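Report on one structure; see the data block that follows.
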Amino acid sequence: MAARPDYPLTLLTEQEFLEITFGDLKAELEHGVIRMMAGAKARHNKVALNIQFALMRRLQGTGCTPYGPDQGIRTVERTIRYPAVAVLCGHDGSNDDDVRLFDDPRVLFEIASAGTFRTDVREKLLEYRALTSVDTIVLVDIGTERVRVVQRIGPDGWSDVGHQAAFDIPLPSLGITLPHAEIFAR
């Protein structure tokens, strides 16, 4: 029997991860380990675009911009997430045109599916809450058209409410409200 070489486990840095070309595949970096992601379904993409478009119209000229799922967000060491929509403020100058990774989002939207629910609710939610810049995290369930809104209510406090009926989402740090009907418009 041939001896199997012993390869040490090497965790990737954020920079090493960003240098990898995945082609049509999508991945996140999770504590230094590449985590492959499946492509989104049509309804997921439609809702993500609805959110991004609704935010874009309301935020034009404010210095805050909604970014789609290709904008990386550094959460904890050696971890890069790609939320469905991230709102960043103060990054609208030409100095940030080539930036692939930010660490100061103001508002984050994750669109949960059966396959991503566990990661979105357990891991990502904790990581997002640890970012001092984050004011609101919205978990969107496209199957039931419900939202869960997690909002900062102080330096260490959070409100976490799952809404069973249609709910227009207040985004106090942006001074706007996002209508439920626009999020789930077909």
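Numbering of residues begins at 1 and proceeds along the displayed sequence. Bear in mind that the values here come from a model prediction, so they are computed numbers and not experimental data.
Between Q52 and L49 the shortest side-chain heavy-atom distance falls below 4.5 Å. No side-chain heavy atom of L174 sits under 4.5 Å from any side-chain heavy atom of T62.
For the pair P179 and T177, the tightest heavy-atom approach, listed with the atom from each and the gap, is CD-O, 3.4 Å. Closest approach of D103 and R74 over heavy atoms only: OD2-NH1, 3.4 Å. In this structure, A185 and K46 approach most closely via the heavy-atom pair O-CE, 3.5 Å. L55 approaches F109 most closely through the heavy-atom pair CD1-CE1, 3.7 Å. Nearest approach of R81 to Y128, heavy atoms of both residues: CB-OH, 3.6 Å.
Among V85, I169, I111, N50, the one residue that satisfies the side-chain contact (heavy atoms from CB on, under 4.5 Å) test with V140 is I111.
No donor-acceptor distance shorter than 3.5 angstrom exists from the side chain of R78 to the backbone of V33, with no hydrogens or angles considered. Side-chain atoms of R152 come within 3.5 Å of backbone atoms of V134 as a donor-acceptor pair (strictly under, hydrogens ignored). A donor-acceptor pair under 3.5 Å is formed between the side chain of Q151 and the backbone N or O of P170. Of the possible donor and acceptor atoms, none in the side chain of D141 sits under 3.5 Å from a partner among the backbone N and O of V147.
E14 CD to E77 CD: the interatomic distance, rounded to the nearest 0.5 Å, is 7.0 Å. One distance of note links CZ of R43 with CD of E145; it measures 5.0 Å at 0.5 Å rounding. In this structure, CZ on F102 lies 13.0 Å from CD1 on I80, to the nearest 0.5 angstrom. Atom CG of L178 is separated from atom CD1 of I183 by 4.0 Å, given to the nearest 0.5 angstrom. Between E127 atom CD and L108 atom CG the span is 11.0 Å, to the nearest 0.5 Å. The CG atom of L88 sits 6.0 Å away from atom CG of D104, with the distance rounded to the nearest 0.5 Å.
A single hydrophobic cluster is not seen to contain both L125 and I153; linkage of ILVMFWY side chains at heavy-atom distances under 4.5 Å, directly or through other members, places them apart. Hydrophobic clustering places L18 together with L25 (ILVMFWY residues linked when any side-chain heavy atoms are closer than 4.5 Å, directly or through intermediates). Hydrophobic clustering (ILVMFWY, side-chain heavy atoms < 4.5 Å, transitive): L131 and Y82 are in distinct clusters.
Between D70 and K26 there is a salt bridge, since at least one side-chain N of the basic residue sits less than 4.0 Å from a carboxylate O of the acidic one. E28 and K124 are joined by a salt bridge, as a carboxylate oxygen and a charged side-chain nitrogen come within less than 4.0 angstrom of each other.
The aromatic ring centres of F22 and F17 sit less than 6.0 Å apart.
Residue D97 qualifies as enclosed at atom CG: its count of foreign heavy atoms under 6.0 Å is above 12.
Ring-plane geometry between H163 and F167 is classed as parallel, the angle between the planes falling under 30 degrees on a 0 to 90 degree scale with a further cut at 60.
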